[in-house]
Asker: 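Starting off with a structure, shown below.
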Amino acid sequence: MKDKLQFYINGTWVESNSSEMIEVINPANEEIVGHVTAGTKVDIDKAVQAANKAFKTYQYTSKDDRIEILNNIITEYENRYDDFVQTITEEMGAPIWLSEKAQASTGIKNLHETLDALKEYQFEKKEGDYTLIREPIGVIGMITPWNWPMNQITTKVSAALAAGCTMVLKPSEISPYCAMLLAEVFDKAGVPNGVFNLVNGYGPTVGAALSDHPNVAMMSFTGSTRAGIAVAQASAVSVKRVHQELGGKSSNIILDDVADLEKSVKGGAGHCFLNSGQSCNAPTKMLVSEKNYDKAVEIAAQTANNTTVGDPHGEFRIGPIANKAQYEKIIKMIEIGIEEGATLVAGGIEKPEGYDKGYYIKPTVFANVTNDMTIAKEEIFGPVLSILKYSSEDEAIDIANDTEYGLAGYVQGEPAHANEVARKIRAGQVIINGGARGTGAPFGGYKSSGNGREHGMHGLEECLETKAVIAP
């Protein structure tokens, strides 16, 4: 049993007065890994006080000081890399290969992205007859999810560190151990006391206490749209800045002039199933023309059937869903898809053979989906792909934009043509022909997918205030 009951506040591990424990469950076998303490409003207040005190000096550190801190963090993160890999797999079920190649590695990539942005950033410059100064906003409250834990944590904390801000992090109670491991990394790297603080707990208690705390200048939240609204409402009382990266329902438009239909469909379906479908920017709606529709459905179904599911320590493509509540939601959404008349061509609600325990779901594909169906409108957050038919390019664009979300979009086709279509998609990031995420490219959404941007210079600037100094 791995019980980690302390919080990291003001550079040390401290006890909480709370006696409430949170079970950390291994989703691969439904066994209890250990416990963390469910924090209270008192714990949040202590952490914010520590961050507020540290801000009085950390805000004046030089760019070189912050560069040194980030370099030290990168070194210590690399020293503990395998620990991150093992921890992520154990607590949220990512296959060990994915934890090693993507989940843990995003931490290194984000730290380097922010470091590169910091080296080039001008915090002060003359503009006309005034001086423009960008200075740290203050204490930042951070609430992060369980699906890509180190990705979301490191992009936030690295930006705050680079900007000269201090912070209080509430990681997901479902995947808390990798965040606590990062606190150990920060401690070893010499991050000044009080600059980074961590309190575990539930959203309605510690998340709410962080959001409405008067000494928190900004809230940075990644999670569901519903929870993001609650954070914004609590933050409004003190008029603090709110940065949100929320839900998504991203379309993948496959144009008729795509070079290789089979490759595009396989790639799109595989991307949807990656991380067991637990990615807010996953291409969960595939839009295919009448001409190519039947062939695309056949390829997608075959891709799903060929995608292996099982023990994350084994040689499988995807592992379990990260927690019971999400597993049950996905099963319910598959049932709704069937009830509403979509055609199930792969997967379904039955667990893979040989897995009575664990939150495993087969990659699932629905054909004959229309855009008014629940599975086409709502974020499922699981390995479920809906394939929709379009009769014209304009109709495909309309379908892609007919959603409350606007986090990401995907277009596959002749490059110049695909680029033209991409510009018509109302989303914060559009990827053409399966391109990898651009280094330092901003990530964030339109509409109900949130506001603000993360990564590189764009994430750094979210943590800054703007001051104009005007002198005769």
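Every value quoted in this text rests on a predicted model; they were computed, and no experiment measured them.
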Asker: To the closest 0.5 Å, what do you measure between SG (Cys178) and CD (Glu90)?
Answerer: 11.0 Å

Asker: Does any part of the side chain of Leu287, heavy atoms only, come nearer than 4.5 Å to the side chain of Asn252, both counted from C-beta?
Answerer: no

Asker: Closer than 3.5 angstrom, by distance alone: can the side chain of Glu113 be matched with the main-chain N or O of Gly440 as a donor-acceptor pair?
Answerer: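 Between the backbone of Gly440 and the side chain of Glu113 there is a qualifying donor-acceptor contact (under 3.5 Å).
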
Asker: Report yes if some heavy atom in the side chain of Val168 is under 4.5 Å from a heavy atom in the side chain of Met142; otherwise report no.
Answerer: no

Asker: Can you label the angle between the Trp146 ring and the Phe381 ring as parallel, tilted or perpendicular, going by 30° and 60°?
Answerer: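 Ring orientation, 0 to 90° scale: perpendicular.
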
Asker: For Arg453 and Glu462, run salt bridge (charged side-chain N to carboxylate O under 4.0 Å, His left out): C-alpha distance rounded to whole Å, both residues' side-chain angles, the deciding distance at 0.1 Å, then the answer.
Answerer: CA-CA 7 Å; Arg453 295 296 181 266; Glu462 291 289 338; over 6 Å; no

Asker: Please check: side-chain N/O of Gln59 versus main-chain N/O of Pro136, any donor-acceptor pairing under 3.5 Å?
Answerer: no

Asker: Calculate, to the nearest 0.5 Å, the distance between atoms CD1 and CG belonging to Ile133 and Leu464 respectively.
Answerer: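 Rounded to the nearest 0.5 Å, the CD1-CG separation comes out at 12.0 Å.
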
Asker: Please tell me if the side chains of Val384 and Phe366 come closer than 4.5 Å, counting only heavy atoms from C-beta onward.
Answerer: yes

Asker: Within a radius of less than 6.0 Å around CZ of Arg426, do more than 12 heavy atoms belonging to other residues, nucleotides or ligands occur?
Answerer: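 At most 12 heavy atoms, drawn from other residues, nucleotides or ligands, come within 6.0 Å of this atom.
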
Asker: Quick one: does Ser449's side chain have a donor or acceptor within less than 3.5 Å of a partner on Leu407's backbone?
Answerer: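 Indeed, once roles are kept as given, a pair shorter than 3.5 Å links the two residues.
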
Asker: Would you say the ring centers of Tyr390 and Tyr293 fall short of 6.0 Å from each other?
Answerer: no

Asker: Side chains of Thr75 and Asn72: is there a donor and an acceptor less than 3.5 Å apart?
Answerer: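 The answer is no; no qualifying pair exists.
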
Asker: If you apply the rule side chain to side chain contact (heavy atoms under 4.5 Å, CB included), what do you find for Ile88 with Met150, and how did you get there?
Answerer: CA-CA 9 Å; Ile88 291 168; Met150 293 319 298; 3.8 Å; yes

Asker: How long is the gap from OG on Ser251 to CD1 on Ile399, to the nearest 0.5 Å?
Answerer: 8.0 Å

Asker: Within a strict 4.5 Å, meaning less than it, do heavy atoms of the Ile174 and Glu91 side chains meet?
Answerer: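 Side-chain contact under 4.5 Å: no.
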
Asker: Donor-acceptor pair, distance only, cut-off 3.5 Å: does the side chain of Ser224 make one with the backbone of Ala227?
Answerer: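 Answer holds: yes.
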
Asker: May I ask you to check whether His417 and Glu393 show a side-chain donor-acceptor distance below 3.5 Å?
Answerer: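 Yes, a side-chain donor-acceptor pair sits under 3.5 Å.
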
Asker: Could you go through the side chain to side chain contact (heavy atoms under 4.5 Å, CB included) check for Asp212 and Ser235 one step at a time?
Answerer: CA-CA 5 Å; Asp212 69 8; Ser235 299; over 6 Å; no

Asker: For a ring pair (Phe, Tyr, Trp, His ring centres under 6.0 Å) check, start with the C-alpha distance between Phe443 and Trp148, then their side-chain angles and the critical distance, and finish with the verdict.
Answerer: CA-CA 14 Å; Phe443 184 72; Trp148 286 88; over 10 Å; no

Asker: Give a yes or no on whether the backbone of Gln278 and the side-chain of Asn147 come within a donor-acceptor separation of less than 3.5 Å.
Answerer: yes

Asker: With no hydrogens and no angle check, just 3.5 Å: does a side-chain donor-acceptor pair link Ser386 and Lys285?
Answerer: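 No, because no side-chain N or O of Ser386 sits under 3.5 Å from a partner of the opposite role on Lys285.
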
Asker: Under a 3.5 Å cutoff, is there a donor and acceptor pairing between the side chains of Ser392 and Asp394?
Answerer: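 Asp394 and Ser392 do not have a side-chain donor-acceptor pair below 3.5 Å.
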
Asker: Hey, is the main chain of Ala51 close enough, under 3.5 Å, to the side chain of Thr166 for a donor-acceptor pair?
Answerer: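 At least one qualifying donor-acceptor pair exists.
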
Asker: Within a radius of less than 6.0 Å around CD of Glu127, do more than 12 heavy atoms belonging to other residues, nucleotides or ligands occur?
Answerer: yes

Asker: State whether Arg80 and Asp83 are salt-bridged, where the test is any N-O pair (Lys NZ or Arg NE/NH1/NH2 against Asp/Glu carboxylate O) under 4.0 Å.
Answerer: yes

Asker: Does any donor atom in the side chain of Thr155 or Asn110 lie under 3.5 Å from an acceptor atom in the other side chain?
Answerer: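 Judged by distance alone, the side chains do not pair up.
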
Asker: Start with the C-alpha distance between Glu262 and Lys266, add both sets of side-chain angles, then the distance that settles salt bridge (charged side-chain N to carboxylate O under 4.0 Å, His left out), and finish with yes or no.
Answerer: CA-CA 6 Å; Glu262 183 170 359; Lys266 280 184 176 179; 3.2 Å; yes

Asker: If you measure from CD on Glu124 to CG on Leu132, what distance do you get to the nearest 0.5 Å?
Answerer: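 One finds 9.0 Å between CD of Glu124 and CG of Leu132.
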
Asker: Within 45° of the axis and under 6.0 Å from the centre of the six-membered ring of Tyr405, does NZ or CZ of Lys249 qualify?
Answerer: no

Asker: Compute both the distance and the angle, then confirm whether Arg66 meets the cation-pi test with Phe123: under 6.0 Å from the six-membered ring centre, within 45 degrees of the axis.
Answerer: yes

Asker: Check step by step if salt bridge (charged side-chain N to carboxylate O under 4.0 Å, His left out) holds for Lys377 and Glu404.
Answerer: CA-CA 8 Å; Lys377 294 192 298 182; Glu404 66 176 295; over 6 Å; no

Asker: Side chains of Ser279 and Leu274, heavy atoms from C-beta outward: is any pair under 4.5 Å?
Answerer: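 The answer is no; the side chains never approach within 4.5 Å.
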
Asker: Quick one: does any side-chain atom of Thr154 pair with a main-chain N or O of Leu111 as donor and acceptor, under 3.5 Å?
Answerer: no

Asker: Can you tell me if Ser250 uses its side chain to pair, donor with acceptor, with the backbone of Pro283 under 3.5 Å?
Answerer: no

Asker: So Gln233 and Ile229, side chain to side chain contact (heavy atoms under 4.5 Å, CB included) or not? Walk me through it.
Answerer: CA-CA 6 Å; Gln233 289 173 332; Ile229 291 170; 3.8 Å; yes

Asker: Distance only, no hydrogens: is a donor on one side chain within 3.5 Å (strictly under) of an acceptor on the other, for Ser264 and Gln412?
Answerer: yes

Asker: List for me each residue that meets side-chain contact (heavy atoms from CB on, under 4.5 Å) alongside Pro312, sequence neighbours excluded, and say none if there are none.
Answerer: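 Checked Pro312 against side-chain contact (heavy atoms from CB on, under 4.5 Å); matches are Ala28, Thr89, Pro320, Tyr360.
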
Asker: Write out all pairs satisfying side chain to side chain donor-acceptor pair (under 3.5 Å) with one or both partners inside residues 321-342, taking only residues at least two apart or from two chains.
Answerer: Glu340-Thr374

Asker: Is there a donor in the side chain of Ser289 and an acceptor in the side chain of Lys291, or the other way round, less than 3.5 Å apart?
Answerer: no

Asker: Applying the side chain to side chain contact (heavy atoms under 4.5 Å, CB included) criterion to Cys165, which one of Val157, Ile137, Val139, Val195 satisfies it?
Answerer: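 Among Val157, Ile137, Val139, Val195, the one meeting side chain to side chain contact (heavy atoms under 4.5 Å, CB included) with Cys165 is Ile137.
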
Asker: Looking only at heavy atoms, what is the nearest atom pair of Val265 and Ala300, with distance?
Answerer: CG1-N, 3.7 Å

Asker: So His243 and Glu454, do their side chains get closer than 4.5 Å, heavy atoms only?
Answerer: yes

Asker: Could you tell me whether a side-chain N or O of Lys170 sits under 3.5 Å from a main-chain N or O of Gly201, the two making a donor and an acceptor?
Answerer: yes

Asker: Just wondering, are more than 12 heavy atoms of other shown residues or ligands nearer than 6.0 Å to NZ in Lys125?
Answerer: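 Counting neighbours around NZ of Lys125, 12 or fewer heavy atoms of other residues, nucleotides or ligands fall under 6.0 Å, so no.
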
Asker: Evaluate the side-chain proximity of Thr403 to Lys447: yes if any heavy-atom separation is below 4.5 Å, no if none is.
Answerer: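 Answer yes - side chains close enough.
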
Asker: Could you walk me through whether Asn275 and Ile318 pass the side chain to side chain contact (heavy atoms under 4.5 Å, CB included) test, one step at a time?
Answerer: CA-CA 6 Å; Asn275 200 42; Ile318 65 174; over 6 Å; no

Asker: Measure the CG-OG1 distance between Leu181 and Thr87 for me, rounded to the nearest 0.5 Å.
Answerer: 5.5 Å

Asker: CD1 of Ile69 to CZ of Phe196: how many Å apart, nearest 0.5 Å?
Answerer: 13.5 Å

Asker: side-chain contact (heavy atoms from CB on, under 4.5 Å) with Ile22: which residues, sequence neighbours excluded?
Answerer: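 Ile22: side-chain contact (heavy atoms from CB on, under 4.5 Å) contacts with Val36, Ala38, Glu173, Tyr202.
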
Asker: Are any of the side-chain heavy atoms of Tyr81 and Ser105 separated by less than 4.5 Å?
Answerer: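 Yes, at least one pair of side-chain atoms sits under 4.5 Å.
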
Asker: Using a strict 4.0 Å threshold on nitrogen-to-oxygen distance, state whether Arg134 and Glu465 make a salt bridge.
Answerer: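 Answer for the salt bridge query: no.
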
Asker: Say whether, by atom type as modelled, one donor and one acceptor occur between the side chain of Tyr121 and the main chain of Ala163 under 3.5 angstrom.
Answerer: no

